[in-house]
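Have a look at the structure below, then the notes.
Note that the numbering runs from 1 along the sequence shown for the chain.
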Amino acid sequence: MATAQNGARGIRVQVQRFGSFLSGMVMPNIGAFIAWGIITALFIPTGWAPNKELGELVGPTITYLLPLLIGYTGGKLMHDVRGGVVGTLATMGVIVGTEIPMFLGAMIMGPLGGYVIKKFDQLIEGKVKPGLEMLVNNFSVGIIGGLLMLGGFKLFGPLMTGLDDIMAAAVGAIVSAHLLPLASLFIEPAKILFLNNAINHGILSPLGLDQVNEAGKSVLFLLEANPGPGLGLLLAYSFFGSGAAKKTAPGAAFIQFIGGIHEIYFPYVLMKPVLLLAMIAGGMSGILTFVLFDVGLVAPASPGSIIAVLAMASRGSYVGLIAGVLVSASVTFVVSTVLLKTSKAKETSLEEASANVSAMKGKQSIASTLVSADAKPLAEVEHIIFACDAGMGSSAMGASVLRNKINKAGLPIKVTNTSISQLPQNAELIITHRDLTERAMEQVPTAEHRSVDNFLNAGYYDQLVHEIETARNKIS
């Protein structure tokens, strides 16, 4: 039994890691996508302020700039700047070898270029004669990058075109068959496993950008980013929940709907998994409404805030967008209310739910601590890092809460947030959601790791501050 559970957990971690890598190529460049989306929405012939001259920016940006940014980022993730340069060269080959925006090709060629130059550098490490380092470094990038560029142009270009056509045709067939709402059957459960960024930016965004290039908008940007279901769930908790869940739900609803941080509602679903049915129902009803109104966005909405969604809306989509968000929120609210009021399981607070999980697992869950033998003593910690999948959502909230408490206590400790993939190797104390702690430990095994069920657990942060103060007093 334990072996099966460990195996399932290992698979989940591997899927999270792969999804995080995919989204990690897109998320750092979201600002560029938004800039392109704004220019597209304004200046294309069907835009708000059609302008033929300024509209000339649209084509080259989506054809060259955005894929090259993804290719560079993918290569850099593999082998820093050298990997980024070779990844960009490899991506340029596949771009020129096709006649469509090569986002899929960039997400393959970029990391491939970074991987090849990384292996080359490992192969020659310690073997280059003194004085020849710069010559070898520059020519290795040039030769390997040039060869991958040629390979991308002649081999991967046609291959990526065919693959992109197949994927586009599959999406088109699903839309034509009116089956797109069924995507919620996979998207909503995957989000609760912290695969939301991977789905949105690793899969849906590249496909959506292809649709924008053809039709000027895409509904695919709304499949994961719709803030309606999360709002409906948290409103149901606000009225019909109990304990800490009911008290914290209104504030969480504001952060989720306006701030666009969807991760904040995940613990509310995890404490009563049957509520996944409400999230799926809300997601499906929202997508159906979007499809019926034929609405879409011109670029990814990131974060998934109602403000970002409306800002990226194509001309003529506002009524349908608002209708879809309201419908999805209403359906989720109704279904959640029914489940909360009729569920046989007693409604518990977030703390009680975590305690129940602890009892089942035989370990503390709400705030467990894993300390490496090499970890710095708590009294000497000078930097606390919150980490999540993207490094911009839930971890930022947790860091803000603890930072305020650290400052009030007058402790000389820096509190920041980042993505798990960008955790520094000299990190001292790392705080993650318990579903992500295993990945963080693999990334930095020498740090002290704290895992929580809810990044807004102010009570635990009070406890942590007290622990630090006590440890410091003992050595003073």
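- Between Leu222 and Val309, some side-chain heavy-atom pair lies under the 4.5 Å cut-off.
- A pairwise comparison of heavy atoms in Thr289 and Gly320 identifies CG2-O, 4.4 Å as the closest pair.
- With hydrogens and angles disregarded, no donor-acceptor distance shorter than 3.5 Å links the side chain of Thr88 to the backbone of Gly71.
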In residues 324-333, what donor-acceptor pairs under 3.5 Å come from side-chain atoms, sequence neighbours left out?
residue	atom	partner	partner atom	Å
Ser328	OG	Asn226	ND2	3.1
Ser328	OG	Gly324	O	3.0
Ser328	OG	Val325	O	2.8
Ser330	OG	Leu326	O	2.8
Thr332	OG1	Ser328	O	2.8

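- Lys191 places a side-chain N or O within 3.5 Å of a backbone atom of Glu224 that can act as its donor or acceptor partner.
- Leu340 has its side chain within reach of Leu275: a pair of non-hydrogen atoms, C-beta onward, lies under 4.5 Å apart.
- Using a 4.5 Å cut-off on side-chain heavy atoms (C-beta onward), Leu234 and Phe257 make no contact.
- Val444 and Gln425 make their closest contact through CG1-O, 3.7 Å (heavy atoms, listed as atom of the first residue, atom of the second, distance).
- Formation of a donor-acceptor pair under 3.5 Å by the Gln256 side chain with backbone atoms of Pro227 is found in this model.
- Of all non-hydrogen atoms in Gly110 and Thr91, the two that sit nearest each other are N-OG1, 3.7 Å.
- Scanning both residues, Ile34 and Pro300, for their nearest heavy atoms gives CG1-O, 4.2 Å.
- Side-chain contact between Phe386 and Leu402 is present, with at least one heavy-atom pair separated by less than 4.5 Å.
- At least one side-chain heavy atom of Leu464 sits under 4.5 Å from a side-chain heavy atom of Arg450.
- Considering only residues two or more places apart in sequence or on other chains, Ala35 meets the side chain to side chain contact (heavy atoms under 4.5 Å, CB included) condition with none of them.
- Residues Thr337 and Leu235 are not in side-chain contact: their nearest non-hydrogen atoms beyond the backbone lie 4.5 Å or more apart.
- Considering all non-hydrogen atoms of both residues, Ala225 and His262 come closest at O-CE1, 3.3 Å.
- One distance of note links CZ of Arg439 with OG1 of Thr432; it measures 10.0 Å at 0.5 Å rounding.
- Between the Glu428 side chain and the Glu382 main chain, a donor and an acceptor come within less than 3.5 Å of each other.
- Within 6.0 Å of OH in Tyr318 there are more than 12 heavy atoms belonging to other residues, nucleotides or ligands.
- Within the 4.5 Å cutoff, the side chain of Phe33 has heavy atoms near those of the Ile70 side chain.
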Fill in: Met312 vs Ile38, side chain to side chain contact (heavy atoms under 4.5 Å, CB included): CA-CA, chis, key distance, verdict
CA-CA 7 Å; Met312 292 295 102; Ile38 293 173; 3.8 Å; yes
Worksheet item: When you look at Ile39 and Val58, which way does the side chain to side chain contact (heavy atoms under 4.5 Å, CB included) test go after all the steps?
Response: CA-CA 7 Å; Ile39 291 173; Val58 174; 4.0 Å; yes
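- Note that OG1 of Thr416 and CZ of Arg403 are 7.5 Å apart. Values are rounded to the nearest 0.5 Å.
- In this structure a side-chain-to-backbone donor-acceptor pair under 3.5 Å is missing from Tyr461 to Lys405.
- Considering every non-hydrogen atom in both Ala236 and Ser336, the closest pair reads CB-CB, 3.6 Å.
- To the nearest 0.5 Å, atoms CG (Leu77) and CD (Gln422) are separated by 6.5 Å.
- Side-chain atoms of Ile384 and Ile413, non-hydrogen and from C-beta on, do get closer than 4.5 Å to each other.
- Interatomic distance, CG of Leu42 versus CZ of Arg315, reported as 10.5 Å (0.5 Å rounding).
- A distance of 12.0 Å separates OG in Ser395 from CD1 in Ile430, rounded to the nearest 0.5 Å.
- We find the CG-CG distance between Leu182 and Leu288 to be 10.0 Å, quoted to the nearest 0.5 Å.
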